[in-house]
Protein chains: 2
Amino acid sequence: MAQRRKKPTGAYHHGDLRAALLTTAAAVIRERGLHGLSLRECARRLGVSHAAPYRHFGDKAALLGALIGEGFRGLLAAGHAAMEGVADPEARLHAYGVAYVQYAVDAPEHFRVMFGAELEEKVMEPADTAAADEAFELLRTSVAALLAAEGRGDEDPLPGTLAYWSLVHGLATLLVDGRIPAEHLAGEGAVERLTRGVLEHWER
Amino acid sequence: MAQRRKKPTGAYHHGDLRAALLTTAAAVIRERGLHGLSLRECARRLGVSHAAPYRHFGDKAALLGALIGEGFRGLLAAGHAAMEGVADPEARLHAYGVAYVQYAVDAPEHFRVMFGAELEEKVMEPADTAAADEAFELLRTSVAALLAAEGRGDEDPLPGTLAYWSLVHGLATLLVDGRIPAEHLAGEGAVERLTRGVLEHWER
DNA sequence: TTCGGATGGTGACAGTGTCAACATTGCCGG
DNA sequence: CCGGCAATGTTGACACTGTCACCATCCGAA
């Protein structure tokens, strides 16, 4: 219960309502799903008036946009962390793939907003769209690196990028949506095993 | 404008409001997205009172459930049609895959509801969940047939089914969500070319 | 022909996104 | 040190939504 304002002043101001709104929104989405999110509910949980969020986000869509930015930054960080120290291009690509699926499973609330909220680019901050682009670029360059290592550096990496993205994104989506029975997610390292299994199936 | 009641009686009864609601809802989703759908808007478009839909669907979720059923039946029909007359197991599988992606692109409003609406199984009619199961079964048996043809009939078809589903579903999802630039969809047979390209990329 | 169930209408309620008008606060220049 | 301004929060309102209880109308079967 140690939230709300750093210094116990008048308590009129919250302290960091913007950040609190983002984490609260994520929590609500995790509990009630994306369509169960309401700004008023977030405000209520934070003990703040129903219109307070509008001091920080012009719009509900703006909140979601910020959440999307957070999500892509997290995905990017997870990808970089997983690929760190891995040299072999194919191993790097697979590491990113596993990180992609793992992130979706670990942060389903962000993943759902990233790909499930139908919002126009227009409402997103440049910094947030940039994060999304970077995540895609990382995949693209990883595929390009693999092609180069195979002596096919002159090929367009885009078809391969699309193919790889489709596979990994499909698995992540099916898992997050509960389309794949939860028993496939039981146990330590289940996501990694599952993802590598799917990848290897196509590389027989 | 030739809708509303078959016989021009008192016009108090609509004629087939249930069916009209389903097509109208689909239209609204296509225009405004899934979160832009409201029962009242549908009722308004059909010239009917705001509570009339409740005579046919106990719930907004029930409407969505029926739409999901429609969607899976459509997907199933598209799959069967595409595989008709095709004998080679691998060709059959690919035909289903292309049909899957094509259906998503052709009926994005259904596809979005099928996989984007976070609703519990509880609210769905048995007939509708059955359709979803059948669509999955068709994929499963197709994969099993391919395995059998390759002399690996004793293997569990589930991993392969998952791998194939992930790939195709990922591509469909990315297309429907506009994650893949629309230029990849331009021209006749673009979806088929794109899908086969992705499939072949993994079978080099 | 009559009556009951199926279908549709009205009005109400709570919850939501959003805005305008107002209140409180922290902070920065004089 | 202090006075005012911008940032932040509050209150009250509006339109819209899902949903319900209650009433109206109609079709077909007994």
Query raised in the report: What's the CD-C1' distance between Glu41(A) and dA14(C), to the nearest Å?
Result: 14 Å
Query raised in the report: In whole angstroms, how far is the P atom of dG18(D) from the CG atom of Leu63(B)?
Result: 10 Å
Query raised in the report: Just wondering, are more than 12 heavy atoms of other shown residues or ligands nearer than 6.0 Å to CD in Glu31(B)?
Result: yes
Report summary line: Rounded to whole Å, the CZ-P distance (Phe57(A) to dT8(D)) equals 12 Å
Query raised in the report: Going by heavy atoms in the side chains, are Leu37(B) and Leu64(B) under 4.5 Å from each other?
Result: yes
Requested in this report: Establish, yes or no, whether a centroid distance under 6.0 Å links the rings of Phe115(A) and Phe72(A).
Outcome: yes
**Report entry** d(NE2, His56(A); C1', dT10(D)) in whole Å
**Finding:** 13 Å
**Report entry** Atom-pair distance (OH on Tyr54(B); C1' on dA6(C)), nearest Å
**Finding:** 19 Å
Query raised in the report: Does Arg18(A) make a side-chain N or O approach to OP1 or OP2 of dG9(D) shorter than 4.0 Å?
Result: no
Query raised in the report: Is there a side chain to side chain donor-acceptor pair (under 3.5 Å) between Glu41(B) and His50(B) once you walk through the steps?
Result: CA-CA 8 Å; Glu41(B) 167 71 12; His50(B) 63 258; over 6 Å; no
Requested in this report: Using whole Å, report how far CG of Leu39(A) lies from C1' of dT16(C).
Outcome: 9 Å
Polar pairs (N or O, both sides) under 3.5 Å between protein and nucleotides 11-14 of chain D?
residue: dG12(D); atom: O6; partner: His50(A); partner atom: NE2; Å: 2.7

Query raised in the report: Taking CG from Leu17(A) and C1' from dT10(D), how many angstroms apart are they, rounded to a whole number?
Result: 13 Å
Report task. For residues Asp106(A) and Val191(A), determine if any side-chain heavy atom of one lies less than 4.5 Å from a side-chain heavy atom of the other. Result -> no
Report summary line: Leu119(B) atom CG is separated from dG18(D) atom P, nearest whole Å, by 15 Å
Query raised in the report: Quick one: are Glu125(B) and Asp128(B) in side-chain contact, heavy atoms under 4.5 Å?
Result: yes
Which pairs would a plain distance check flag for residues 171-180 of chain B, meaning a side-chain donor or acceptor within less than 3.5 Å of a matching protein atom at least two apart in sequence or in another chain?
residue: Thr173(B); atom: OG1; partner: His169(B); partner atom: O; Å: 2.7
residue: Thr173(B); atom: OG1; partner: His169(B); partner atom: NE2; Å: 3.4
residue: Arg179(B); atom: NH2; partner: Met114(A); partner atom: O; Å: 3.1

Query raised in the report: Can you check whether Arg44(A) has a side-chain N or O nearer than 4.0 Å to OP1 or OP2 of dT16(C)?
Result: yes
**Report entry** Watson-Crick and G-U pairing of DNA chain D, under 3.5 Å, as dot-bracket with | and [ ]
**Finding:** ||||||||||||||||||||||||||||||
**Report entry** Whichever of Ser38(A) and Arg55(A) has its nearest DNA chain C nucleotide further upstream toward 5'
**Finding:** Ser38(A)
Query raised in the report: How far does OH of Tyr100(B) sit from CG of Leu76(B), to the nearest 0.5 angstrom?
Result: 12.0 Å
Requested in this report: With the side chain counted from C-beta on, respond yes when Tyr96(B) and Tyr164(B) share a heavy-atom pair under 4.5 Å apart, and no when they do not.
Outcome: no
